[in-house]
Amino acid sequence: MKAIVTGGAGFIGSHLVEALRNEGVEVVILDDLSAGYEANIPQDVKLYQFDVKSAGAYRAVIEEQPDVMFHLAAQADVTKSILAPVHDADVNIGGTINMLEASRTAGVKRFIFASTSAVYGNIQKQLIKEDDIPDPISFYGTSKLSAEKYIQLFHKFYQLPYVILRYGNVYGSRQKPKGEGGVVAIFSEKLKRKEPITINGDGSQSRDFIFVKDIVTANLAAMRQQQNGIFHASTGKSTSILDLVECFRQLYPALDVQFTSERAGDISHSCLCNEKTQKQLNWKPHTDVAEGIKRTWHQI
Ligand SMILES: NC(=O)c1ccc[n+]([C@@H]2O[C@H](COP(=O)([O-])OP(=O)(O)OC[C@H]3O[C@@H](n4cnc5c(N)ncnc54)[C@H](O)[C@@H]3O)[C@@H](O)[C@H]2O)c1
C-alpha cells in the first residue's frame, strides 16, 4: 500500500507519516515547506517540494499512483486567513481541488481530508454533531468548508471514496505556537522560558483538545474502513483554559498566570461529539488531556 501525505513536514502530518511507516505503508510527502520543516521528515522518505496548487504537485500524484491520499497541507492559521483571504482560499480550496483532480486521475482509492471544528463557528451547543449546520466565522473555516463540499461533489460525480475528519484542537510535540489550538504550544514555550502564561478573558472558554497521536489513529481508521462521510476526530470532552493551566501546574508548580482582556471574535465553547466516529470508523481516542500534556511537555 502506498500513501501520499500532503503537509507531511508539518506538525500533524509528520506524526502521521511516522505511524504509516510503522504500519508498513510506503509513504511519499508533498509539502512546500512553507510552514513545515525538513527536520520533521525521515531521511528515507521521498519529498516532493511543491505547492499543492501547482502542476508539479499534480504530476507528482500521477507519477506516484498512491492508494491513499491524506490531504493535510493547508493554510492552517485563522489569523492569517483574516489578513490574507485570497491566499487562504487559493491554498485551502484551489489546492484541494488540484489534489482531488490528481487523485481521481491517478485512481486513488481513499481521499482523507483534514478539516476542522472551525467550520461550525460559534454554534451554541454543548456537543456538536456532524449533521449540525456549519456556520464558519473565519475565512479559514469557510475555505475548509468549501473544500469539504468539493470533496463530496468529487465523490458524487467521480465516485472518489472519501473521509472528511473534522479535528478538534490538536496538540502535541512539533506543534508551533501559532494557528489553531496553539495554546498548548504557547503555554509550553512560555513555561520552558520560565515566563508567566497569559490567559485572554477569565479562562472559562473551553475546547475539545485532542492529542496528536489520537488524530493519527483516526486517520489510520479512516484509511482502513470503507465508509464515506464526515466524521469528528475529537474527544467529546470539554476542557477549559483553566483546566489546561491545572494540567501544566502539575508539571511546573511555579507556574505564574496573568489575565488579559478577551480576544474579539473568540469562540467561547466548542466540543465535538465522537459517537459516529466510534461506531462507523471503529475508533476512539485514548489519551486524556492531563496525560497528553505530560507527554507533550516531556517531548519538547
Ligand atoms: N493543529 C490543529 O489543531 C488543527 C485543527 C483542525 C484541523 N487542522 C488541520 O490539520 C492540517 C495540518 O495542520 P497542522 O497543525 O499540522 O499545520 P502545519 O502548519 O504544521 O502543517 C501544514 C503543512 O502544510 C504545508 N503546506 C502549507 N501550505 C502548503 C501548500 N500550499 N503546498 C504544500 N504544502 C503546504 C506546510 O509546509 C506544513 O508542513 C491542516 O489541514 C489543518 O487545517 C489542524
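When a ligand or atom number is given, it counts from 1 through the structure's own listing order.
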*Is the shortest distance from a heavy atom of Ser117 to ligand 1 less than 4.0 Å?*
no
_Side chain, backbone, both or neither: which applies to Tyr37 and ligand 1 if a contact is any heavy-atom pair less than 4.0 Å apart?_
neither
*asked:* Please classify the Lys144 to ligand 1 contact at 4.0 Å (heavy-atom distances, strictly less than): side chain, backbone, both or neither.
replied: side chain
*Mind checking whether Ser115 has an N or O less than 3.5 Å away from an N or O of ligand 1?*
no
_Heavy-atom contact check, 4.0 Å cutoff: does Gly95 meet ligand 1?_
no
*Describe, in one word, how the ring planes of Tyr171 and Phe211 are oriented to each other, choosing from parallel (under 30°), tilted (30 to 60°) and perpendicular (over 60°).*
tilted
_Please state which option from Val78, Asp32, Ile41 has its nearest heavy atom closest to atom 34 (N) of ligand 1._
Asp32
*Under 6.0 Å between ring centres, would you say that holds for Phe154 and Tyr158?*
yes
*asked:* If you measure every N or O of Leu72 against every N or O of ligand 1, does any of those distances drop under 3.5 Å?
replied: yes
_Once you restrict to heavy atoms under 4.0 Å, what part of Val170 touches ligand 1? Side chain, backbone, both or neither._
both
*asked:* Any nitrogen or oxygen of Gly36, side chain or backbone, less than 3.5 Å from one on ligand 1?
replied: yes
*asked:* Any atom of ligand 1 sitting under 4.0 Å from a heavy atom of Tyr140?
replied: yes
*Kindly state whether the ring of His232 and the ring of Tyr120 have centres lying under 6.0 angstrom apart.*
yes
*Which one of Asp51, Asp31, Asp77, Val119 has a non-hydrogen atom at the shortest distance from atom 31 (N) of ligand 1?*
Asp51
*Is there a heavy atom of Arg166 sitting under 4.0 angstrom from any atom of ligand 1?*
no
*If you measure from each non-hydrogen atom of Leu33 to ligand 1, which part falls under 4.0 Å: side chain, backbone, both or neither?*
backbone
*Looking only at distances, please establish whether an N/O atom of ligand 1 is found under 3.5 Å from an N/O atom of Ile12.*
yes
*Please list all pairs passing the ring-ring contact (aromatic ring centres under 6.0 Å, His included) test where one or both residues lie in residues 77-105, with sequence neighbours left out.*
none
_Exactly one of Ile230, Val163, Thr96, Leu165 should register a side chain to side chain contact (heavy atoms under 4.5 Å, CB included) with Phe113. Which one does?_
Thr96
